[in-house]
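Quick note on labels: first sequence line is chain A, next is B, and so on, each numbered from 1.
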Amino acid sequence: MVDIRLTNTKTRTKHSLVPIDPQNVRLYLCGPTVYDRAHLGNARPVVVIDVLVQLLRHVYGADHVTYVRNFTDVDDKINARAAETGRPIRDITDETIGWYHADMDALGAARPDHEPRATDYIPQMITMIENLIDSGHAYAVEGHVLFEVRSFADYGKLSGRSVDDMIAGARVEVAPFKRDPMDFVLWKPSSGDQPGWDSPWGYGRPGWHIECSAMSEELLGTSFDIHAGGIDLQFPHHENEIAQSCCAHPQGEFARVWLHNEMLQVEGKKMSKSLGNFFTVRDLLDKRVPGEVIRFVLLSTHYRKPMDWTAEKAQTAEDTLWEWRVLTKDVEPAAEPDPRVIEALADDLNTAGAISVLYTLKDDPAKLLASARFLGLLRPELGDWVARDLAVIDSMAISVKDGIATLTQKMTDLREKAMESKDFSTVDSLKAALTEAGVEVRMSKTGVELIAGPRLDAAKLGALL
RNA sequence: GGCGGGUUGGCGGAGAGGUUACGCAGCGGAUUGCAAAUCCGUGAAGACCGGUUCGAUUCCGGUACCCGCCUCCA
């Protein structure tokens with residue numbers, strides 16, 4: 001049995017994973033609030049956890065892992081979007097979920113076993129809130145229900161903060177009806193035009209944190225193995241989830257292991273709209289950055305380190321993947337991935353280390369293929385980008401393949417003449433033009449070989465015919 | 001102000017208390033009409049200052065700088 005070691009944010013230490021039930025290893029990943037396209041930062045945990053799930057299924061069996069990722073479809077950002085556009089909330093959230101699926105599919109991330117929508121679990125949230133009030137951990141006031149942080153001694157433990165320190169830090173919203181400035185909302189009133197549900201505290205809607213507590217309980221139980229998300233969620237979101245779940249179910253452990261990925265940067269800076277370096281996964285795909293390339297770059301930095309997205313990295317990744325795809329074309333994958341890949345992943349999900357193993361497998365394409373696929377790379381469904389430039393030269397109804405064949409003959413003829421005349425100028429100029437068009441030119445004693453490269457420019461190629 | 005993370009060779013990026021990471025780029029050679037590709041070989045590192053140790057880039061402490069969270073955020 002492979003020993004999987006993961007760094008638990010709760011203990012700040014790397015431990016061996018010991019599932020509560022090896023027959024059903026349970027994992028929850030905080031999913032998106034569905035009001036807009038997923039940006040690149042949203043994709044990082046999805047891809048990282050996709051690899052973890054693959055590893056868990058490999059170790060414990062495909063049917064012995066339950067992976068849950070929620071959709072937050074009730075949120076003030078969604079309400080704001082609805083108010084801006086005049087569209088029904090359900091239209092917006094349905095559409096956004098569709099985008100999300102398409103974009104994450106393009107990155108080769110498998111769908112979770114369950115993708116609960118918050119609005120489908122309102123009764124469970126209300127039950128949990130009632131439970132918290134009854135047990136003295138929450139109080140209702142002015143149509144709100146608030147969680148009383150002073151009632152939970154471990155509040156702040158996950159993020160290493162104390163309630164007193166945070167209040168000293170000051171920047172907390174202080175509503176007059178809060179018993180303590182750090183108390184957070186479980187339920188809040190809705191006005192007529194806001195989404196809402198009837199509850200014991202009046203018409204209203206849930207606070208953000210309660211949904212994950214209610215849905216993880218419903219789908220995974222009061223104790224489960226792994227809870228994952230971006231490090232920015234550590235506080236307050238995950239801290240509040242712990243408070244809710246542990247107070248509602250003192251007998252449960254809630255999540256045993258907390259996995260947090262570090263943030264993503266772009267060209268060394270925080271991705272932000274004001275810096276003009278904000279972009280979504282779809283933006284990249286539309287710019288013809290293959291999903292497989294995005295995945296490769298996301299996996300090439302360890303998840304617990306800040307990851308810097310740069311155009312240069314994407315280019316290098318594309319070149320590498322191109323080379324590997326050429327190398328493994330028509331190759332049957334080996335039965336098992338290289339054990340070093342498994343070992344690297346088992347060691348706190350060292351995806352960068354696992355990729356480095358792939359580089360050593362050039363002499364064994366079958367093993368390379370099997371190993372890369374374990375990371376979700378070189379899979380057939382992500383390979384369209386390799387073929388896309390080999391389709392058709394628009395201006396003339398001729399395939400790139402035929403064009404290459406014609407040019408190969410032309411080059412061969414020119415070269416033979418040049419060999420006699422010793423004047424290579426025409427050969428060299430055609431070679432330069434081909435290179436410029438993204439074609440690799442190989443000439444040897446046996447002849448000329450032209451190979452379409454990853455950055456083939458079909459228009460330029462067409463011009464040479 | 002409070003909490004947390006980071007700093008590795010030209011660039012990207014890992015592991016390991018003592019032995020080559022790896023990739024890209026570079027350099028030398030083979031090869032080539034010249035190249036490309038390929039093959040062979042090769043230089044180059046661990047922010048700074050201390051401590052522990054026979055020995056630290058790897059452990060501990062401090063300094064500097066960068067980043068994140070504390071407000072919606074993966």
Side-chain angles (χ1 to χ4, degrees), chain A residues 9 12 29-33 35-36 38-49 69 72 75-78 80 156 158-173 182 208 228-239 259-265 268-272 296-308 310 312-317 319-320 323 326 340 343-344 347-348 350-362 415 418-425 427-428 431-432 434-435 439-445 448-451 453:
Chain A
T9 310
R12 288 149 222 283
L29 172 65
C30 281
T33 300
Y35 67 104
D36 205 349
H39 64 248
L40 190 58
N42 292 308
R44 169 121 104 141
V46 173
V47 170
V48 166
I49 295 305
R69 184 182 64 208
T72 298
D75 181 275
D76 287 347
K77 285 195 291 290
I78 303 171
L158 176 71
S159 50
R161 300 152 196 252
S162 76
V163 174
D164 292 326
D165 285 349
M166 285 184 280
I167 290 168
R171 290 162 66 186
V172 284
E173 175 198 351
M182 292 307 296
W208 171 36
I231 188 69
D232 54 333
L233 294 180
Q234 183 186 29
F235 187 90
H237 184 54
H238 290 160
E239 199 72 71
L259 281 192
H260 288 111
N261 61 277
E262 254 293 347
M263 296 292 96
L264 179 127
Q265 297 181 304
K269 293 187 178 123
K270 182 181 179 176
M271 181 162 77
S272 75
F296 186 104
V297 173
L298 291 176
L299 292 178
S300 65
T301 296
H302 186 93
Y303 76 94
R304 291 182 58 245
K305 284 198 172 182
M307 137 111 240
D308 192 18
T310 66
E312 190 185 353
K313 278 186 189 176
Q315 192 55 257
T316 305
D319 290 345
T320 299
E323 185 188 338
V326 169
R340 292 172 299 165
E343 180 45 42
D347 184 11
D348 201 21
N350 185 355
T351 52
I355 287 175
S356 74
V357 171
L358 302 185
Y359 289 112
T360 69
L361 296 173
K362 286 182 187 174
R415 185 154 173 266
M419 289 288 203
E420 290 172 20
S421 69
K422 300 296 176 197
D423 176 8
F424 288 92
S425 57
V427 177
D428 285 343
K431 182 177 79 178
L434 285 165
T435 303
V439 178
E440 194 181 291
V441 180
R442 298 184 185 179
M443 284 183 276
S444 66
K445 281 172 181 159
V448 174
E449 190 181 4
L450 300 184
I451 296 170

Return a single string for nucleotides 12-17 of chain B, one symbol per nucleotide in 5' to 3' order, where B is base contact, S is sugar-phosphate-only contact and - is none, cutoff 4.0 angstrom on heavy atoms.
SSSS--

Set of residues satisfying side-chain contact (heavy atoms from CB on, under 4.5 Å) with respect to A/E323, sequence neighbours excluded:
A/K362

Please tabulate, one pair per line, each protein N/O and nucleotide N/O from nucleotides 31-35 of chain B that are separated by under 3.5 Å, including the distance.
from: B/U32; atom 1: OP1; to: A/K445; atom 2: NZ; distance (Å): 2.5
from: B/G33; atom 1: N1; to: A/D428; atom 2: OD1; distance (Å): 2.9
from: B/G33; atom 1: N2; to: A/D428; atom 2: OD1; distance (Å): 3.3
from: B/G33; atom 1: N2; to: A/D428; atom 2: OD2; distance (Å): 2.7
from: B/C34; atom 1: O2; to: A/K431; atom 2: NZ; distance (Å): 2.8
from: B/C34; atom 1: N3; to: A/K431; atom 2: NZ; distance (Å): 2.9
from: B/A35; atom 1: N6; to: A/M443; atom 2: N; distance (Å): 3.0
from: B/A35; atom 1: N6; to: A/M443; atom 2: O; distance (Å): 2.3
from: B/A35; atom 1: N1; to: A/V441; atom 2: O; distance (Å): 3.2
from: B/A35; atom 1: N1; to: A/M443; atom 2: N; distance (Å): 3.1

Between B/U7 (C1') and A/E262 (CD): distance, integer Å
13 Å

I'd like the C1' distance from B/G9 over to B/G1, given in whole Å.
39 Å

Gap between atoms CD1 and P, on A/I231 and B/G68 respectively (whole Å):
14 Å

Atom P, compared across B/G23 and B/A56: separation rounded to whole Å
29 Å

Using the C1' atom as the reference point in each nucleotide, state the distance between B/G43 and B/G4 in Å, no decimals.
39 Å

Which stems, defined as runs of 3 or more consecutive Watson-Crick or G-U wobble pairs with both pairing distances under 3.5 Å, involve RNA chain B?
B:1-7 with B:64-70, B:10-12 with B:22-24, B:26-30 with B:38-42, B:47-51 with B:59-63

In Å, rounded to the nearest 0.5 Å, how long is the span from SG of A/C30 to NE2 of A/H260?
7.5 Å

Residues in side chain to side chain donor-acceptor pair (under 3.5 Å) with A/D308, at least two apart?
none

When rounded to whole Å, the CD to P distance for the pair A/Q234 and B/U71 reads 14 Å

Regarding B/G62, purine or pyrimidine glycosidic angle vs 90° from 0 gives anti

Which residues pass the salt bridge (Lys or Arg N to Asp or Glu O under 4.0 Å) test with A/D76, not counting sequence neighbours?
A/K188, A/R205

Derivation of the side chain to side chain contact (heavy atoms under 4.5 Å, CB included) call for A/M307 and A/K313
CA-CA 11 Å; A/M307 137 111 240; A/K313 278 186 189 176; 4.0 Å; yes

Name the residue closer to the 5' end of RNA chain B, choosing between A/E312 and A/H39 according to the nucleotide with the nearest heavy atom.
A/E312

Quick one: label A/L264 by what it contacts on the DNA or RNA (base, sugar-phosphate, nothing), any heavy atom closer than 4.0 Å.
base

Taking only residues two or more places apart in sequence or in another chain, which ones pass side-chain contact (heavy atoms from CB on, under 4.5 Å) with A/A43?
A/M104, A/L107, A/V281, A/L298

Rounding to an integer number of angstrom, what distance separates B/C39 and B/A25 when you compare their P atoms?
13 Å

Spacing between A/D36 atom CG and B/A74 atom C1', to the nearest angstrom
15 Å

For A/R442, all residues meeting side-chain contact (heavy atoms from CB on, under 4.5 Å), sequence neighbours excluded
A/E440, A/E449, A/I451

Return yes if some donor-acceptor pair links the side-chain N/O of A/Q234 with the main-chain N/O of A/L158 below 3.5 Å, else return no.
yes

Sorted by chain and residue number, the salt bridge (Lys or Arg N to Asp or Glu O under 4.0 Å) partners of A/D232 (sequence neighbours excluded) come out as none

Measure the distance from CZ on A/R340 to C1' on B/U20 and round it to the nearest whole Å.
14 Å

Between B/A74 (P) and A/D232 (CG): distance, integer Å
7 Å

Quick one: does any side-chain atom of A/R44 pair with a main-chain N or O of A/E262 as donor and acceptor, under 3.5 Å?
yes

Distance in angstrom units between A/Q265 CD and B/C66 C1', rounded:
9 Å

Between the CD1 atom in A/I231 and the NE2 atom in A/H238, the distance rounded to the nearest 0.5 Å is 9.5 Å

A/D423: salt bridge (Lys or Arg N to Asp or Glu O under 4.0 Å) partners, not counting sequence neighbours
none

Hey, which of these two, A/E440 or A/T360, hits RNA chain B nearer its 5' end, going by closest nucleotide?
A/T360

I need the CG-P distance between A/L434 and B/A37, as an integer number of Å.
15 Å

Inter-nucleotide C1' distance (B/C11, B/A44), Å rounded:
12 Å

Rounding to 0.5 Å, atoms NE2 (A/H302) and CG (A/N261) come to a distance of 10.0 Å

P-based separation of B/U52 from B/G10 [nearest Å]
31 Å

Suppose you measure atom C1' in B/U57 against the same atom in B/A35; what distance do you get, rounded to whole Å?
41 Å

At under 4.0 Å between heavy atoms, what does A/G41 touch on the DNA or RNA strands: base, sugar-phosphate, or nothing?
base

side-chain contact (heavy atoms from CB on, under 4.5 Å) with A/A317: which residues, sequence neighbours excluded?
A/V293, A/F296, A/V297

For A/R304 and A/D348: C-alpha separation, side-chain torsions, deciding distance, then whether side chain to side chain contact (heavy atoms under 4.5 Å, CB included) applies.
CA-CA 9 Å; A/R304 291 182 58 245; A/D348 201 21; 3.7 Å; yes

A/L233 has its side chain closest, among B/C11, B/C70, B/A74, to B/A74

Nearest-Å distance once atom C1' is located in both B/G61 and B/U53
16 Å

How is A/E449 classified with respect to the nucleic acid when contacts are heavy atoms under 4.0 Å: base, sugar-phosphate, or nothing?
nothing

If you look at every heavy atom in A/V439 and A/L450, which pair is closest and at what distance?
CG1-CB, 3.8 Å

A correct 5'-to-3' footprint of nucleotides 42-47 of chain B, with B, S and - meaning base, sugar-phosphate only and no protein heavy atom under 4.0 Å, is ------

